Number of protein chains: 2
Amino acid sequence: MILDNRKRRILQAIVDDYIDTAEPVGSRTIARKHELGLSSATIRNEMADLEEMGYLEQPHTSAGRIPSDKGYRYYVDELMQVKELTEEEIRNIEQAMEVRVSEIGQLIKLASTVMSRFTKYTSMAVTPNMKKSLLKAVQVVPVETGKALVVVVTNTGMVKNFLIKISDSIVSEDLIKVSNMLNDKFANFAIEDIKQPSIKDMGNEIEVPRDILLPVIEKVVGCIKQIDAPEVFIDGVTNIFNYPEFRNVAKAREFLSTLDEKENLSKILSSTGQNNNSVSVRIGTENILDEIKECSLLTATYSLGNVVIGSLGVIGPTRMEYPRVISSINYIRKKINEEISKLLEEGLEIDT
Amino acid sequence: MILDNRKRRILQAIVDDYIDTAEPVGSRTIARKHELGLSSATIRNEMADLEEMGYLEQPHTSAGRIPSDKGYRYYVDELMQVKELTEEEIRNIEQAMEVRVSEIGQLIKLASTVMSRFTKYTSMAVTPNMKKSLLKAVQVVPVETGKALVVVVTNTGMVKNFLIKISDSIVSEDLIKVSNMLNDKFANFAIEDIKQPSIKDMGNEIEVPRDILLPVIEKVVGCIKQIDAPEVFIDGVTNIFNYPEFRNVAKAREFLSTLDEKENLSKILSSTGQNNNSVSVRIGTENILDEIKECSLLTATYSLGNVVIGSLGVIGPTRMEYPRVISSINYIRKKINEEISKLLEEGLEIDT
DNA sequence: TGTTAGCACTCTCACTCATCGAGTGCTAAT
DNA sequence: ATTAGCACTCGATGAGTGAGAGTGCTAACA
């Protein structure tokens, strides 16, 4: 699929123009707006060629052309000019991200919000998958007589709590012993791999009556086992109303209903390639989900060290400002990576 | 504002019919559908009266009538027939609420989801306000050398975590002492009232070097202080597309955009009367927020013991199925109250 | 041979106009 | 007090029309 230079320039002009105006682009428009030194008739011929090759489409005979998915694909892969964020844009993002957060979930949520505000499209993000994360610490802390709180911390910085009922006769010291034992046994296990330790395993490590502590241990492990799926955030869904392709209710409804289903979101976000350092672009029919076959989906992943732990993305009409959005996602992704390390290494900054 | 019996019946018939069909109701329709034993002409006269009194409106001269906000108000206060949930409906709700949750936030979120599914409108709910809640326990638990997790539990069952950095020389035992001290000092304080304890206060309760523990205490109190506002959940926003009043994009957009702003939601939910046991109904212009002057808002509160700790509600077109929705909210509210007590008293049920 | 001017043709969009039907308000009869 | 009858109003619907944008094709041109 090689295009000669003139066709490339014309295709680029058409895509750029259409992204800008949302109106089918005619040959005259191209001839006028872009200095290609060609008459509209010539461009018309080239456009007919491009259409035949599948890069352009005509909504109806007497309308201009619009890019096909294939056209957008070529544009994204070969034509579009990467647009670095301006200093001011960077400043805006930095400022918006300055909010203090106390855990990763909040960070991801914030990033999603910022991303939708900033790109003017709809954004999504998913928190790290706890089941795949490694156990960093588990602690059973007393709340009041007969009740305790199980706190589970993972290497990805996610924290989960469960309130459990325990025997009244158990005192703080016992809980500490239980905690210590579990930590010794399961530190760095993947959450999903943690199983009830056998009685033999617990051996003589604990000198407290087994019949009292056993239920506690069972409950704690039970809590760990029922840690659930990652959370998905979505933001700026109403941004789509800014785009004429969603001016009719049926379209808007389909879009919104699809994104209302958290399951769909997970599907969408997890379908992204695991490529560590770039933004993945799915255009129109390249998407798996039928309902968003008129949308483009731009996703990226964020990591802890070298391990990908979650992803985020932007969805909007195929007529999307790819260069700008790609740069934005990239920047925000990097920002998340930084903040995650900070959060995990430095803990929370506190005003005193 | 007293209406004679016949006017009441006619008004009731009109509201019922309009709620059902979303079409302006004509005199003939009423005469036919409802067995009032009156001719359309008579009804016509009565309708003219009702309009003059402000209970009805006419979209245009040759259309039927629709209820005004005042008409709905009268309907809600005096005419509508309370509709108890059927056994099957109750079963459905119970079933949907059976999901196991580990904390109040999840419970409220679940309830909101169930409510929107069940009423077919948009639902909202707010978690208990942590700042107003009382501290039940605070615990600093070790995560790894140099890092600890601050866990704060309130009487309303909300839990909050903060990861902090601590001096490497601090060991578990120190943290326990700090925890104990803070618990002794601040148990049953409202979160928002907790202040840095004076050095004198800490007195000789702790025998560990003060210059090491002081920063920890400062950080912990710092964490408590920055506990944030309650969370708001919203569900089923796309349900509005089922209602013809939102068939035009501008209306749908306004509705969705308004509810997209979490601040608005808080405003909406907190504007509810604090009436402990009934569902508050705000019809159209009775709402404070201009953007939802064409919607009705039904809210209720949930409680811990006798104290109201949060609220939930349903929003939809003024043409809402009041009887059904009111019963549903009421039922779900009660269900929440029950589940909260269960959660707090019994802790989490665990499969072993 | 590639480019361009010219022109007939197509198709959508916005507008107008006439018609239809639901529902009203009024009047007069019961 | 109620009702039948009727003229009237007004929005919705659909057909018809002209303007405008854009195309494809042909023939002329460099």
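Lettering follows sequence order; numbering is per chain, from 1. Just so you know, these numbers come straight off a predicted model, no measurement behind them.
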Practice prompt. Please find the earliest and latest nucleotides of DNA chain D, in the 5' to 3' direction, that have an atom within less than 4.0 Å of any heavy atom of chain B.
Written response: D:dT2 to D:dG11

Worksheet item: Just to confirm, is there a sub-4.0 Å distance from OP1 or OP2 of C:dT3 to any side-chain nitrogen or oxygen of A:Arg6?
Response: yes

Worksheet, complete the sentence: Of B:Leu38 and B:His60, the one whose closest nucleotide on DNA chain D sits nearer the 5' end is B:Leu38

Validation: residues 321-329 of chain B side-chain donor-acceptor distances under 3.5 Å, sequence neighbours left out:
{"from": "B:Glu321", "atom 1": "OE1", "to": "B:Arg324", "atom 2": "NE", "distance (Å)": "3.1"}
{"from": "B:Glu321", "atom 1": "OE2", "to": "B:Tyr121", "atom 2": "OH", "distance (Å)": "3.4"}
{"from": "B:Glu321", "atom 1": "OE2", "to": "B:Arg324", "atom 2": "NH2", "distance (Å)": "3.0"}
{"from": "B:Tyr322", "atom 1": "OH", "to": "B:Ser296", "atom 2": "OG", "distance (Å)": "2.7"}
{"from": "B:Tyr322", "atom 1": "OH", "to": "B:Thr318", "atom 2": "O", "distance (Å)": "2.6"}
{"from": "B:Arg324", "atom 1": "NH1", "to": "B:Phe118", "atom 2": "O", "distance (Å)": "3.2"}
{"from": "B:Arg324", "atom 1": "NH2", "to": "B:Thr119", "atom 2": "O", "distance (Å)": "2.9"}
{"from": "B:Ser327", "atom 1": "OG", "to": "B:Lys83", "atom 2": "O", "distance (Å)": "2.5"}
{"from": "B:Ser327", "atom 1": "OG", "to": "B:Pro323", "atom 2": "O", "distance (Å)": "3.1"}
{"from": "B:Ser328", "atom 1": "OG", "to": "B:Arg324", "atom 2": "O", "distance (Å)": "2.8"}

Discussion item. Nearest whole Å is fine: how far is C:dA22 C1' from B:Ile30 CD1?
Written reply: 15 Å

Worksheet item: A:Asp4 has an atom CG; how far is it from atom P of C:dG2, in whole Å?
Response: 12 Å

Worksheet entry | Within residues 39-52 of chain A: residues closer than 4.0 Å to DNA chain D (heavy atoms) | A:Arg44, A:Met47

Item to complete: For residues 250-270 of chain B, pull every pair meeting ring-ring contact (aromatic ring centres under 6.0 Å, His included), keeping only residues two or more places apart or in separate chains.
Response: B:Phe246-B:Phe255

Response to the item:
So the salt bridge (Lys or Arg N to Asp or Glu O under 4.0 Å) pairs with at least one residue in residues 42-68 of chain B (sequence neighbours excluded) are B:Arg6-B:Glu46, B:Lys7-B:Glu46, B:Lys7-B:Asp49, B:Glu51-B:Arg65

Practice prompt. Scan residues 247-265 of chain A for pairs that pass salt bridge (Lys or Arg N to Asp or Glu O under 4.0 Å), counting only residues two or more places apart or in two chains.
Written response: A:Lys251-A:Glu294

Practice prompt. Taking the side chain as every heavy atom from C-beta outward, state whether A:Leu265 and A:Leu259 have any atom pair closer than 4.5 Å.
Written response: yes

Worksheet, complete the sentence: With sequence neighbours left out, the residues meeting side chain to side chain donor-acceptor pair (under 3.5 Å) with B:Thr258 are none

Worksheet entry | Residue-phosphate contact under 4.0 Å: A:Ser62 side-chain N/O, C:dT10 OP1/OP2 | no

Response to the item:
Contacts of B:Asp77 meeting side chain to side chain donor-acceptor pair (under 3.5 Å) (sequence neighbours excluded), chain-then-number -> B:Arg73

Enumerate donor-acceptor pairs with a distance under 3.5 Å from any side-chain N or O in residues 9-19 of chain A to protein atoms, sequence neighbours excluded.
{"from": "A:Asp16", "atom 1": "OD1", "to": "A:Tyr75", "atom 2": "OH", "distance (Å)": "2.7"}
{"from": "A:Asp17", "atom 1": "OD1", "to": "A:Lys33", "atom 2": "NZ", "distance (Å)": "2.9"}

Discussion item. Which is more 5' along DNA chain D, the nucleotide nearest B:Gly37 or the one nearest A:Thr29? Just name the residue.
Written reply: B:Gly37

